[in-house]
Amino acid sequence: MDMDPPFHEIYNTLLDNTILNKSETKTSVVVDECELPLIDLRRLSVDESDEKDKCKEEITRASQEWGFFQVVNHGISREILEKMRREQVKLFKQSFDKKRQEDKFLNFSSGTYRWGTPTATCISQLSWSEAFHIPLTDVSASNGFTSLSSTMEQFATKVANLAQRLAEILAEKLGCKSTFFEENCVPSTCYLRFNRYPPCPIPADVFGLTPHTDSDFLTILHQDQVGGLQLIKAGKWFAVKPNPEALIVNVGDLFQAWSNDVYKSVEHRVVTNPRVERYSTAYFFCPSYDTEIQSWCEPSIYKKFSFKEYREQVHKDVQLLGRKVGLPRFLV
């Protein structure tokens, strides 16, 4: 279909080599399914302080032990989530030629639309997916898509409040009454990302999204029920069982550094499906580029660095090595 990116044409050499040289492909293994810790945020609003404390403790424990958890009664209505998904599908159903003209077609910033992996030199580095990575400053600018704009604004406002609330809880449970997140992670520095994973003819060989950690403080994800998200725990990959009522929250690299390794930024990936396309929407809770990241306590495991320095180092490593190195680059 003309809506799909031209994976076969652009990556034909990598795909042909996969058939000729199976030793290059990822090993197909059986992955057990897991249910992430499920946390009911309604308990944060009850009068009983014990119940509130238990809820906060569960958030903290999951961020330490899993780096991932699910939340229900999170304050974002099913109506908004369903409308967001419909608008997202409508956006991706546009032709590939239109999507890659995001600055003219949608009035988004240039570079918002992304697909594949331009730096891939082998099949294991290729992501079989397309995405709109949207700065929140562009949310109200989508030309000719007024329903999309209004829905994104509703969703972004709600999810931004949720991210702030969770960050404050995680800081509080460290014993840190900090205004850092309120001051530095404002809507204009955060992002929405719409993901689409087209059906892939060689799902055993290609990822939808290659293994990685997130370079933010927190990511909040709304996914469909197709499944495909996997994460590492105790050195083993687990498939995350979709929950239609829940949003998924995961800790990013910046929070691991800020917490001095108390909270864990966990490697995760998305596998492909040969028959069914998959959609997800992610909110990335980020500071401004000049924000300095340093541990809330001493001695610090990591050197002080700015978000800009971190992003530039990640980009450099991906260009040179084909992969992200991340936090190990900033160890003291």
Side-chain angles (χ1 to χ4, degrees), residues 33-88 136 139 150-174 181-182 185-187 190-195 214 216-229 231 233 238-252 255 263-264 266 268 278-286:
E33 191 173 59
C34 71
E35 291 197 39
L36 296 175
L38 182 64
I39 300 171
D40 185 350
L41 297 185
R42 183 166 44 192
R43 292 179 297 158
L44 295 174
S45 303
V46 300
D47 293 333
E48 297 86 350
S49 59
D50 285 351
E51 199 62 31
K52 287 181 183 178
D53 288 342
K54 285 180 183 177
C55 184
K56 292 178 180 180
E57 184 60 38
E58 288 175 17
I59 292 169
T60 304
R61 191 183 315 118
S63 298
Q64 292 173 316
E65 296 177 1
W66 285 81
F68 274 78
F69 56 93
Q70 302 175 96
V71 293
V72 292
N73 294 311
H74 38 65
I76 306 172
S77 69
R78 179 186 286 266
E79 179 185 7
I80 291 176
L81 293 175
E82 289 179 349
K83 190 174 182 184
M84 187 77 271
R85 180 53 39 79
R86 289 195 300 271
E87 293 298 330
Q88 179 183 0
L136 290 199
V139 157
S150 63
T151 305
M152 283 196 297
E153 284 189 286
Q154 291 178 63
F155 176 80
T157 299
K158 295 285 188 181
V159 79
N161 291 337
L162 174 60
Q164 282 283 355
R165 193 178 191 188
L166 293 172
E168 288 167 7
I169 288 170
L170 290 171
E172 175 192 326
K173 297 303 284 185
L174 290 174
F181 299 101
E182 183 181 354
C185 299
V186 296
C190 299
Y191 297 84
L192 282 181
R193 184 180 176 100
F194 296 153
N195 300 301
D214 290 348
D216 58 355
F217 278 105
L218 292 172
T219 304
I220 300 178
L221 180 76
H222 178 229
Q223 63 170 346
D224 62 21
Q225 300 309 297
V226 172
L229 176 63
L231 60 86
K233 182 168 172 58
F238 288 89
V240 176
K241 184 178 181 180
N243 182 332
E245 303 299 324
L247 297 177
I248 293 174
V249 183
N250 68 277
V251 174
F255 224 138
Y263 303 131
K264 305 301 183 187
V266 171
H268 51 286
R278 176 181 183 267
Y279 290 93
S280 67
T281 302
Y283 174 85
F284 294 99
F285 188 57
C286 301

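Just so you know, these numbers use all the heavy atoms, side chains as well, and skip hydrogens, waters and symmetry mates. Predicted, not measured: the structure shown is a model, and the values here were computed from it.
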Quick one: pull up [atom1] in [X] and [atom2] in [Y] and give me the separation to the nearest 0.5 Å.
X: Glu57; Y: Asp50; atom1: CD; atom2: CG; answer: 12.5 Å
X: Met84; Y: Tyr279; atom1: CE; atom2: OH; answer: 12.5 Å
X: Arg278; Y: Gln225; atom1: CZ; atom2: CD; answer: 10.0 Å
X: Asp53; Y: Leu44; atom1: CG; atom2: CG; answer: 10.0 Å
X: Leu38; Y: Glu58; atom1: CG; atom2: CD; answer: 9.0 Å
X: Gln223; Y: Ile248; atom1: CD; atom2: CD1; answer: 4.0 Å

Identify all side-chain donor-acceptor contacts of residues 151-161 below 3.5 Å with residues at least two apart in sequence or on another chain.
from: Thr151; atom 1: OG1; to: Ser147; atom 2: O; distance (Å): 2.7
from: Thr157; atom 1: OG1; to: Glu153; atom 2: O; distance (Å): 2.8
from: Asn161; atom 1: ND2; to: Thr157; atom 2: O; distance (Å): 3.3

Got [X] and [Y] here, is their nearest side-chain heavy-atom distance under 4.5 Å?
X: Asp224; Y: Arg85; answer: yes
X: Pro242; Y: Val226; answer: no
X: Asp40; Y: Cys55; answer: no
X: Phe285; Y: Ile220; answer: no
X: Leu192; Y: Gln88; answer: no
X: Glu79; Y: Lys83; answer: no
X: Ile39; Y: Val249; answer: no

Name all residues meeting the side-chain hydrogen bond (donor to acceptor under 3.5 Å, both in side chains) criterion together with Asp216; count only those two or more places apart in sequence or in a different chain, and write none if there are none. Thr219

Tell me every residue that passes side-chain hydrogen bond (donor to acceptor under 3.5 Å, both in side chains) with Asn195, counting only those two or more places apart in sequence or in another chain. Arg193, Ser280

Show me, pair by pair, the donor-acceptor contacts under 3.5 angstrom made by side chains of residues 60-71, not counting sequence neighbours?
from: Thr60; atom 1: OG1; to: Lys56; atom 2: O; distance (Å): 2.9
from: Ser63; atom 1: OG; to: Ile59; atom 2: O; distance (Å): 2.9
from: Gln70; atom 1: NE2; to: Leu36; atom 2: O; distance (Å): 3.0

Give the intermediate values and the outcome of side-chain contact (heavy atoms from CB on, under 4.5 Å) for residues Glu82 and Arg86. CA-CA 6 Å; Glu82 289 179 349; Arg86 289 195 300 271; 4.0 Å; yes

Tightest non-hydrogen contact, residues Ile76 and His74, listed as O-CE1, 3.0 Å

Shortest non-hydrogen contact from Ser45 to Arg165?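 Heavy atoms of Ser45 and Arg165 come nearest at OG-NH2, 3.7 Å.
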
My understanding is that only residues two or more places apart in sequence, or in another chain, count here; which of them pass ring-ring contact (aromatic ring centres under 6.0 Å, His included) with Tyr191?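 Counting only residues at least two positions away or on another chain, Tyr191 forms a ring-ring contact (aromatic ring centres under 6.0 Å, His included) with His133.
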
Checking Tyr283 now: which residues fulfil ring-ring contact (aromatic ring centres under 6.0 Å, His included) with it, not counting sequence neighbours? none

With a 3.5 Å distance limit and no angle check, can you tell me whether Tyr263 reaches the backbone of Leu170 through a side-chain donor-acceptor pair? yes

May I ask you to decide if Gln164's main-chain N or O and Glu182's side chain share a donor-acceptor pair within less than 3.5 Å? no

Go through the steps to decide whether Leu162 and Leu247 satisfy the test side-chain contact (heavy atoms from CB on, under 4.5 Å), and finish with yes or no. CA-CA 11 Å; Leu162 174 60; Leu247 297 177; 4.0 Å; yes

Do Lys54 and Arg43 pass the side-chain contact (heavy atoms from CB on, under 4.5 Å) test, and can you show the C-alpha distance, the side-chain angles, and the key distance before you say yes or no? CA-CA 9 Å; Lys54 285 180 183 177; Arg43 292 179 297 158; 4.2 Å; yes

